[in-house]
Trainee: 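Structure incoming, see below.
Chain A is the first sequence line, chain B the second, and so forth, proteins listed ahead of strands; every chain is numbered from 1.
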Protein chains: 2
Amino acid sequence: MAAGAGVGRSTAARTLGGYGYVSPDVRERVLAAAERIGYRANALARSMSTGISNTIGVIVADIANPFFGGVVRGISDAAHARGYDTLVLSTNEKLPEEVAATNVLIDKRVDGIIVASAALDAASAAHFEQARDHGIPVVLVDRAVPGLELDAVVIDNRAAARDAVERLIAAGHRRIGFVWGPPVQERPRLRREMVDIAARNLWTDGERLQGYLDALDDEGIVFDADLVMVGEKVEENARVEVRQMLALTDPPTALFCTETDAMTGSLQALRDAGLRVATDVSMIGFDDSSWARVLEPPLTMIEQPMQALGTRAAEVLFGAIDGQEPSVELHTLETRFIERASVAPPSDR
Amino acid sequence: MAAGAGVGRSTAARTLGGYGYVSPDVRERVLAAAERIGYRANALARSMSTGISNTIGVIVADIANPFFGGVVRGISDAAHARGYDTLVLSTNEKLPEEVAATNVLIDKRVDGIIVASAALDAASAAHFEQARDHGIPVVLVDRAVPGLELDAVVIDNRAAARDAVERLIAAGHRRIGFVWGPPVQERPRLRREMVDIAARNLWTDGERLQGYLDALDDEGIVFDADLVMVGEKVEENARVEVRQMLALTDPPTALFCTETDAMTGSLQALRDAGLRVATDVSMIGFDDSSWARVLEPPLTMIEQPMQALGTRAAEVLFGAIDGQEPSVELHTLETRFIERASVAPPSDR
DNA sequence: CTGTTAGCGCGTTCAG
DNA sequence: CTGAACGCGCTAACAG
């Protein structure tokens, strides 16, 4: 490269790297030569010498999940605007894979990590300490990890769930099903057990379950374990569980669904039972999508600011990369309650 | 690090790097020391000396789009299985951004690139030559680029569209709308113009439009430009355009939607017009989702193997990385036609 | 089996 | 303003 323009290699490096002094004419010559031979500076070598990789790592459960897709989009847009690229790793919600992913990112010397962690408490989050020991800031997104001293960008799942369930109650419902419960085999009968289990599972799920319980408490409605789905968190199981709820002698008149697949599974169960949304069973779900608008009746939903979660997390991360003292706070973004037509007063079937 | 275990640095490197000979006891000692001080090998330095980054680059229009989310998941799973990580870049369907993304990947010395390109022809795909000049294999996914000598992993959009439209025709329809047409301002009146424009736009869109025309030809149905949506490819415009079609004196009795948002937009237009799916207007769309099953009636859809497109593209790429001669072929994956209940004989409103 | 040595391609002094 | 020399942390040959 240097030879191509008839200058020393460091002069070439200076013009291409955009640092130090270079006379205009030499500059032109170098640029022309670079263009001519299709020269591209080796970012790896640059990173080695500067210690900056201009890459951030993102760890999520599943990039194919539209929610994470939105979050990652927000992150990568913000990163791109600052000249950073994004390495995305999926963990299938498995902690060991999350640890491995973190190590990969440490090895590749990313400048920062954003993670929607599957860790339930600080004790199972030692891998983030590792990253920090290597000078790599970490910020959590979508999920906080209780006890972990890390910035986290989240929504208030508990409040959003509570609000939704309270609206159901305000419409007159007292038998409200909770779909996407704790992934346990045995259904906990006691309310206390339920809370314990919620606290020992995925943070978002636990918070939403708590919000549901909060709303019941506020209105003095007694908790019934039969109205909480348990088992594997997949659409088919939601369908099965809701079908069972609907067959109860005192079935739910409303359903609160904490995720898209919980909603579609529930909808299938309604159809299986020959029941209609709103008229027979009221529904509210998390994560709005354009489909929710075209159903008949259109679905009342809680919208999460997916991209904003990502961009905000990136901003916090870049703050740390720029050397700001980590504030270690919970950055809470607003959800939006979108009222449509899937909630009506209970019917007495 | 080396000092920590009391051995030479290359011995340490050998055990950690997993190459060359190391005696078991020394090996243990090194591993222990590494563990103790939380040592992690610098992958950047390794890449510099080996020329292998163990990273592949993926370029798509928008990682938040569930279709690309699925494709990327397939790619990253296959890559992960081979010890590679994935750098994902979104281009917003803009060619200049795609060129910039390619350059970033070249700079970072990725070992291969998979791209859903926005390029319409070989002439606008010089950036891939650049990558190849740097020894980086490129494989296309989701979209072929006519005239470009590159492997491409796609589905047969034209055949799938043709098949779907023929089924509509078989059900008795002769007025069939095409939703998600060419993004032009002025509606082309002539069939020939329409074909020309289709060929000059996004490959998948053009192929699907061709398939639509093929089906009409087969059955001797005369093409009517008024039944093809034009303008910006966003849900709201689909709604507007379909509303106009429905207001025609001889309106469509069936709609073929080439994408999710085209489908939801069309569904909104039907509702605006007080029309029902199947009973009043039959519908078939691309890209199945769990929502399509819970609509009433459930939607007949064409399912694309999103993840398989990704994994297959990765396999082809790794073949090239392993030094196989590029076969330069079109790898075509099967779509699945999912018959549900949104197609019925035409009604005479 | 192990230590030594020479690059990989940059950024960064430091003379000139 | 420009060129030469060194180091980033690792792999790859090569002696020992």
Side-chain angles (χ1 to χ4, degrees), chain A residues 1-34 37-55 83-85 103-111 130 133-136, chain B residues 1-34 37-55 83-85 103-111 130 133-136:
Chain A
M1 171 60 214
V7 299
R9 71 164 101 239
S10 32
T11 305
R14 265 192 285 266
T15 78
L16 270 355
Y19 58 93
Y21 298 94
V22 181
S23 66
D25 54 331
V26 172
R27 170 184 214 75
E28 287 307 314
R29 207 137 41 89
V30 174
L31 256 25
I37 65 175
Y39 175 85
R40 299 243 102 222
N42 185 331
L44 256 35
R46 177 171 298 164
S47 297
M48 252 197 73
S49 125
T50 58
I52 298 170
S53 62
N54 284 298
T55 305
Y84 283 72
D85 302 302
N103 284 334
V104 165
L105 295 177
I106 293 175
D107 291 354
K108 296 214 166 167
R109 297 302 190 260
V110 295
D111 300 321
Q130 282 260 335
D133 291 347
H134 284 268
I136 303 174
Chain B
M1 171 58 215
V7 299
R9 74 161 99 239
S10 31
T11 306
R14 266 191 284 264
T15 81
L16 270 355
Y19 60 95
Y21 296 96
V22 182
S23 66
D25 54 331
V26 172
R27 171 184 212 76
E28 287 307 313
R29 211 140 36 91
V30 174
L31 256 27
I37 64 175
Y39 175 86
R40 299 244 103 223
N42 186 330
L44 256 35
R46 176 173 298 163
S47 297
M48 260 207 60
S49 113
T50 58
I52 298 171
S53 62
N54 284 297
T55 304
Y84 282 72
D85 302 302
N103 284 335
V104 166
L105 295 177
I106 293 174
D107 291 353
K108 295 215 166 166
R109 298 300 191 259
V110 296
D111 300 322
Q130 281 261 335
D133 291 347
H134 283 268
I136 303 173

Trainee: Kindly compute the distance separating OG (S49(B)) from CG (N42(B)), expressed to the nearest 0.5 Å.
Mentor: 11.0 Å
Trainee: Can you tell me the distance, in whole Å, between the CE atom of M48(B) and the C1' atom of dG11(C)?
Mentor: 12 Å
Trainee: Are Y39(B) and dC10(D) close enough that a side-chain N or O sits under 4.0 Å from OP1 or OP2?
Mentor: yes
Trainee: Which residues pass the salt bridge (Lys or Arg N to Asp or Glu O under 4.0 Å) test with R109(B), sequence neighbours left out?
Mentor: none
Trainee: Write down the distance between CG (D107(B)) and P (dC8(C)), rounded to a whole number of angstrom.
Mentor: 19 Å
Trainee: Expressed as a whole number of angstroms, how long is the span from L44(B):CG to dC8(D):C1'?
Mentor: 10 Å
Trainee: Between dG9(C), dT11(D), dG9(D), which nucleotide gets closest to the side-chain atoms of R46(B)?
Mentor: dT11(D)
Trainee: Between dG9(D) atom C1' and R40(B) atom CZ, what is the distance in whole Å?
Mentor: 15 Å
Trainee: Between H134(A) and G38(B) (side chain of the first, backbone of the second, donor and acceptor by atom type, cut-off under 3.5 Å), is there such a pair?
Mentor: yes
Trainee: Heavy atoms only, 4.0 Å cut-off, all strands: where does A41(B) land among base, sugar-phosphate and nothing?
Mentor: sugar-phosphate
Trainee: Indicate yes or no for a side-chain donor-acceptor contact from S47(B) to the backbone of A45(B) under 3.5 Å, with no hydrogens or angles considered.
Mentor: no
Trainee: Rounded to whole Å, please give me the gap between CG in N54(A) and P in dG11(C).
Mentor: 11 Å
Trainee: What pairs with D111(B) under salt bridge (Lys or Arg N to Asp or Glu O under 4.0 Å), at least two apart in sequence or on another chain?
Mentor: none
Trainee: To the nearest Å, how far apart are N42(B) CG and dC8(C) P?
Mentor: 18 Å
Trainee: Given the rule in the side chain to side chain contact (heavy atoms under 4.5 Å, CB included) test, do K108(B) and D85(A) qualify, once you have shown the distances and angles that lead to the verdict?
Mentor: CA-CA 10 Å; K108(B) 295 215 166 166; D85(A) 302 302; 2.8 Å; yes
Trainee: To 10°, what angle do the rotation axes through the five end pairs on each side of the helix from dC1(C)-dG16(D) to dG16(C)-dC1(D) form?
Mentor: 40°
